[in-house]
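For reference, the structure is listed below as structure tokens.
Throughout, a chain's letter reflects where its sequence line sits, starting with A, and its residues are numbered from 1. Keep in mind the model is a prediction, meaning the values are calculated, not measured.
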2 protein chains.
Amino acid sequence: MAKNITPKEKDYSQWYLDVIRAAEMADYAPVRGCMVVRPTGYAIWELVQKHFDDAFKETGHVNAAFPLLIPQSFLSKEAEHVEGFAPECAVVTHAGGEELEEPLIVRPTSETVIGHMYSKWVQSWRDLPILINQWCNVMRWEKRPRLFLRTSEFLWQEGHTAHASKDEAVEETLRMLEVYRRIMTDYLALPVLEGEKTEGERFPGADNTYTCETMMSDKKALQAGTSHYLGQNFAKAFEIQFQNRDGEMEFAYTTSWGVSTRLIGAIIMTHSDNDGLVLPPRIAPVKAVIVPISTSGEKIEKELMPKAAELKAALNEALGGRFVSIDSQFHMRPGDRFFSHLQRGVPLRLELGEKEYAAEKLRVVRRDTGEKLEIAWADAPAAIPALLEEIQQNLYRRALEFRLANTHRADSFEEFKMLLEEKGGFIEVFFDGTKEDEKAIKEATGATPRCFPFAHSEERGKCFYTGKEGARKAIFAKAY
Amino acid sequence: MAKNITPKEKDYSQWYLDVIRAAEMADYAPVRGCMVVRPTGYAIWELVQKHFDDAFKETGHVNAAFPLLIPQSFLSKEAEHVEGFAPECAVVTHAGGEELEEPLIVRPTSETVIGHMYSKWVQSWRDLPILINQWCNVMRWEKRPRLFLRTSEFLWQEGHTAHASKDEAVEETLRMLEVYRRIMTDYLALPVLEGEKTEGERFPGADNTYTCETMMSDKKALQAGTSHYLGQNFAKAFEIQFQNRDGEMEFAYTTSWGVSTRLIGAIIMTHSDNDGLVLPPRIAPVKAVIVPISTSGEKIEKELMPKAAELKAALNEALGGRFVSIDSQFHMRPGDRFFSHLQRGVPLRLELGEKEYAAEKLRVVRRDTGEKLEIAWADAPAAIPALLEEIQQNLYRRALEFRLANTHRADSFEEFKMLLEEKGGFIEVFFDGTKEDEKAIKEATGATPRCFPFAHSEERGKCFYTGKEGARKAIFAKAY
């Protein structure tokens, strides 16, 4: 039952895949680049979805479903957009036994088809804003797939909003970025940095892209979610026009924003260790597992299992959901039973052996620290939720400390290259370069600008690369 | 704002489309045969999903995500399956800028690719049962599309389970049919008939198909959900083999079952009227709308809106969710405001005018009966949920009475044809014909066997078509 996991110090990529395999979170599908999200992985995605979806609804958004297939001609209506996405498209050429007159693209993202629909729904300023989100699958053909991080098909949400003014649209773009930051921080325990993307890293067709960036345990960056202010680009391409309060026709201002199953990759690479998956309790489908242990079938049946069931009910009640399970793998040795839950990232293991039974206690083992403690049955409904909260906070703090310890400051390109090579991580610089400069830096070092972080938006200095004064503070890093 | 709806007596098809359009539930997409489910429609789907999903989880199922694209060769591995689905497939031939070596099918259903994955996951009887469901989009190219009922892409859930014995798999097939019946009855207020499909109506590749059939308000039948016992057919095609308790290799026994966005079509056609959508309260995203009415801006701002907000909060608290909205379309006439909610199927309208304000009351109007009553503010948190429950029961009872009143019994083919022509609806017969007989009956009358209803499974008689004795009781009808 126990599955070998390559130590992350030895081979980080292999460690990552081993963690996924051991936890049975996902598998490669028979179609190259596509994945199967297995129940353990999908249950995490369901909790992630729930937290985001609740926050979208609290901020006035509604869900809808737009079509999977998009006429090829739609993509070409926004010049930058088609350039960005055309090379990654999967194309339906035949359907219902016939060749199609116009090929259809499996959506890589839905700005175009949604823009087309909005143009039909919007006539007056009274029809605005439109605040719609969709949870769906999208497809971007991937030559170098990697489970959760880069797969040809992935699951995501894409918010698409249309507004009567630029100010309102920009405000929406930033509001949703902040929703992302809050959910990522509070539930996924990812200490993300909010910031603005450089020109070279913008979404194809956006006037501005904002991002939540986070550091993995190999010190590389991962873009966890982005929010785009699209200006009037898509409104002009798809004729989303409205009569404003002054009776004049005007193009709408639109936004889009998305997070995907890639977040599961971020969770794995932020928190897990060489024993396997470690999950923040707030997104753990199983928050605690009760493991009854005895060699006596009679004791198991008459004492341990009934007590386990009773404790499970009390704990589920305290936790407000079906979050506690009972291990009944009695054909396995206790060590292997423990390990199976360790590998799946269950935050707390509650051992119930004969000794614990006699003392009316549980032996509690934390997944994050390995710490062992004893909790009386009577105290469990209060103590277990508190302990889970402590684990949640500990995982966040640990990840934040890791990022801070691995963020360095460079004043020159020489220093930048040296730091990147010797220490890795996030490099803080002042930057005022062009798209071409970004490209040259990437070619020389492998690092890309992750963002101009909001936290330092007031600071100005001399660009580490061009030497220009008045440059903004930026973060560079090698990234997933 | 008020949109014209063609009376159903005049043109049922147009009435159906008008109801959808007026309620802004869905739109045709720019790709032929595909639809956009708009927020009003999608919010209903979310509630439908929630009720089914809860029931699936209560019966031990977990969710997962399998790939959208299936290698074309997979479809051919089960002979009946490929014959049933190949003509409806959409085919991806190019991706990532290149022609693919093997074309990929956009999934019409996922037995094949899931069978392939199960064969990797199952080795021993200990790995069984596998009880997985997926919520996703599927594609069956449709020549005569109709919103919700027949669209090239639709949303659904497909459960796929694998078991170590035939008995267990059959039990699962019937358990899920019963889950369907319960949710359809209790939440969607659809009085469905459970039964077994005839050979000619089985799922391609199934040993047996069970169904929930329901009657629309034009007396035609609609298949609301099906559950299939697949025997070892897919296990053999995809080599889902396990070592049984005796140490022998054996093929697994599999099932599949699904319901789709078609259910929204069933809800519309069962309950709605010539004013538009009527929704059972348990799946109504907005269960009640408060409409403050006054010509005085000051009264609206200082008295009516604050009171409406207070009532909304109290009612949401009583209903356990965000189910109450406030109408603030003050630029419209009261009648038009009322009508906009009527058309969207909101079960209760709570009018709050100056007179009601002075008397600390609400004027309550039921969507199902048009009945008007007055409820004191203080009574509303208890009275409104009770009234919604009464509407729920009334809609179910009304639909059941309609079905019973439109179910007729025929003993001969002559009588069958006459009843079908003169009265329509469900025709109860004894039937023991072949696939060819079914086809001939359909060609002659347009009616198909809907099922052998469980409620009459013990009855035997002479077949109305072949004259054979010992035939089972069956329901025939024209169907969607």
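Among the candidates A:Cys89, A:Gly41, A:Gly97, A:Ala86, the residue making the largest number of heavy-atom pairs closer than 4.5 Å to chain B is A:Cys89. By number of non-hydrogen pairs under 4.5 angstrom with chain B, the leading residue of A:Pro67, A:Ala43, A:Ala64, A:Ala26 is A:Ala64. For the set B:Cys34, B:Gly33, B:Pro30, B:Pro71, the entry with the most heavy-atom pairs within less than 4.5 Å of chain A is B:Pro30. Each of A:Met117, A:Glu98, A:Lys120 has some count of heavy-atom pairs under 4.5 Å with chain B, and the biggest count is that of A:Met117. Of the listed residues (B:Ala90, B:Pro103, B:Gly96), the one with the most heavy-atom contacts under 4.5 Å to chain A is B:Gly96. The candidate with the highest count of non-hydrogen atom pairs below 4.5 Å against chain B, out of A:Thr261, A:Thr93, A:Thr40, is A:Thr93.
The contact between B:Leu155 and chain A is made entirely by side chain atoms (from C-beta outward), counting heavy-atom distances below 4.5 Å. Using a 4.5 Å cut-off between heavy atoms, B:Leu69 touches chain A through backbone and side chain atoms alike. B:Lys143 touches chain A through its side chain: at least one heavy atom from C-beta onward sits under 4.5 Å away, while N, CA, C and O do not. At a 4.5 Å heavy-atom cutoff, the contact between B:Arg126 and chain A is made by side-chain atoms alone. If you measure heavy-atom distances from B:Ile105 to chain A, you find no contacts under 4.5 Å at all. In this structure, chain A has a heavy atom under 4.5 Å from the side chain of B:Met139, while its backbone stays farther away. Residue B:Arg322 touches chain A through its side chain alone, counting heavy-atom pairs closer than 4.5 Å. Of the two parts of B:Val62, only the side chain, counted from C-beta on, holds a non-hydrogen atom closer than 4.5 Å to a non-hydrogen atom of chain A. With a 4.5 Å cut-off on non-hydrogen atoms, B:Tyr28 touches chain A through its backbone but not through its side chain. Interface remark: B:Glu46 contributes side-chain atoms only to the contact with chain A (heavy atom separation under 4.5 Å). For chain A, the nearby part of B:His116 is the side chain; its heavy atoms alone come within less than 4.5 Å. Neither the backbone nor the side chain of B:Glu101 comes within less than 4.5 Å of any heavy atom of chain A. Contacts of B:Pro39 with chain A are made by both backbone and side-chain atoms, with heavy-atom separations under 4.5 Å.
Between A:Val36 and B:Trp121, the closest side-chain pair of non-hydrogen atoms falls below 4.5 Å. Between B:Val92 and A:Val106 there is a side-chain heavy-atom pair separated by less than 4.5 Å. Annotation: side chain of A:Ile70 is not in contact with side chain of B:Val31 (no heavy-atom distance under 4.5 Å).
A:Trp135 CH2 to B:Tyr42 OH: the interatomic distance, rounded to the nearest 0.5 Å, is 10.0 Å. In this structure, A:Trp141 CH2 and B:Leu100 CG are separated by 5.5 Å, a value rounded to the nearest 0.5 Å.
In the model, B:Asn63 has no side-chain atom that pairs as donor or acceptor with a side-chain atom of A:Trp45 under 3.5 Å.
Looking at A:Arg32 and B:Glu102, no side-chain N of the basic residue comes within less than 4.0 Å of a carboxylate O on the acidic one, giving no salt bridge.
Judged purely by atom type and a 3.5 angstrom limit, B:Glu153 uses its side chain to pair as donor or acceptor with the backbone of A:Leu68.
For A:Lys50, the NZ atom counts as loosely surrounded, since its 6.0 Å shell holds 12 or fewer non-hydrogen atoms of other residues, nucleotides or ligands. Atom CD of B:Glu239 has 12 or fewer heavy atoms from other residues, nucleotides or ligands within 6.0 Å.
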